[in-house]
Amino acid sequence: MSTQDIPSGDEFSTPLIQWYRVNKRDLPWRDAGNPYHIWLSEVMLQQTRVDQALPYYLRFIERFPTIFDLANAETHDVLVAWEGLGYYSRGRNLHEAAKTVVEQYNGKIPDNWDDIRQLKGVGDYTAAAVLSIAYNKPYAVVDGNVLRVLSRYLGIQDDIRQLSVRRFIQNVVSEWIPEDAPADFNQAMMDLGAGICSPKKPSCNACPVQHSCVANATLQTDIIPYKSKAKKVPHHTIVVGIIIDQNDRLLIAKRPETVMLGGLWEFPGGKVEENETLEEALKREILEELGVSIRAIQPFHTLKHAYSHFKITLHAFTCRIENGNPEAKSSTDIKWVSRAELSDFPFPKANRKLTDLLQKTV
Ligand code: SF4
């Protein structure tokens with residue numbers, strides 16, 4: 001596929017934009033033209049559906065109404081507001097980027113590609129979305145929805161995971177995005193992908209481009225977009241210790257900023273190694289992480305959780321310290337907290353299920 005293969009875009013973009021102007025979703029960040037709100041919404045919507053992100057968005061805006069409020073906030077408070085949305089690096093990066101916007105651009109989110117791409121966590125997608133929707137600049141967004149719509153519309157038979165296919169589609173939409181309506185074009189693509197050209201059973205009868213869509217005409221909507229088989233997702237067995245002291249306080253540890261789920265709090269523990277029992281793994285992990293030995297180990301709860309690239313089965317045990325004073329050897333901080341205080345700290349989802357149970361079982 002080369003750029004010479006790109007068909008004319010009018011047949012696609014004209015009915016698409018007309019349809020959007022009548023049918024667009026009523027979303028709180030739309031139409032007000034507030035670049036901070038648009039940016040926040042685009043960051044939250046990466047890997048997250050609109051209906052899931054919406055309550056978080058509204059709470060976040062209430063907590064940090066302007067980019068100055070966000071820039072001046074403590075990371076802890078940003079992570080608490082982000083908790084439950086997952087992919088926490090998005091929240092941390094947004095916070096860092098907000099500080100840069102305030103310090104270097106006087107609180108105005110840059111309106112040009114080079115500057116906005118320098119902000120932490122702002123990739124091609126977010127840059128194109130903010131520049132087009134907030135500033136009406138003709139940068140086309142390409143995400144999973146756009147890849148699906150365009151691969152069907154053009155009848156692309158190749159695997160959409162291939163970089164060459166993604167580049168081709170990027171070239172097509174960059175060519176087709178109208179200079180006079182880039183915000184509507186991109187948002188129309190988002191709405192079409194989310195509501196009409198859905199992954200399974202697209203509603204082609206309601207689609208504004210049904211008459212020129214190859215997949216619709218050739219009855220291939222169930223095989224396009226073509227994807228080769230995904231690799232098997234790895235699974236890890238995890239143990240964590242809920243260490244309780246004589247005053248019924250619990251020990252929690254803060255994850256380093258540089259790792260996955262960085263800056264969040266958790267119960268100490270880690271991966272079970274081959275040929276290790278759960279109890280052996282727990283004792284080893286607690287010794288490595290805190291420098292203490294434990295006793296009175298009792299099973300508390302077992303749960304399963306899926307991250308984007310792996311799955312875990314997490315076994316939680318309650319226990320007591322047998323020997324030593326705990327130190328933050330592999331975390332950045334540790335704290336003894338009451339069960340009620342667990343709600344004041346941001347936890348990853350799997351650990352949050354444990355804190356909820358702990359607060360119910362006083
Ligand atoms: S006609 Fe159907 S397959 Fe083609 S773009 Fe529209 S919804 Fe998707």
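Nothing fancy with the numbering, it's 1 onward along the sequence. Order of listing sets the numbers, starting from 1, for every ligand and every atom in it.
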**OP:** Taking N216 for its side chain and Q210 for its backbone only, find out whether a donor-acceptor pair lies under 3.5 Å.
**Re:** yes

Subject >> Within 45° cone and under 6.0 Å: R59 NZ/CZ vs Y56 ring >> reply: yes

Subject >> N, O or S atoms of the protein lying under 2.8 Å from atom 2 (Fe) of ligand 1 >> reply: C204 SG

**OP:** May I ask you to list the residues sharing a hydrophobic cluster with F317, side-chain cutoff 4.5 Å, ordered by chain and number?
**Re:** V239, I243, L251, V272, L278, L282, I286, L290, V292, I294, I297, I321, I334, W336

Original post:
Taking ILVMFWY side chains as joined if any heavy atoms are under 4.5 angstrom apart, and letting links pass through other members, which residues group with V22?
Top reply: none

**OP:** Verify whether one side chain among D69 and T66 offers a donor that lies under 3.5 Å from an acceptor in the other.
**Re:** yes

Subject >> Under the side-chain hydrogen bond (donor to acceptor under 3.5 Å, both in side chains) test, residues paired with D124 that sit two or more places apart >> reply: R117

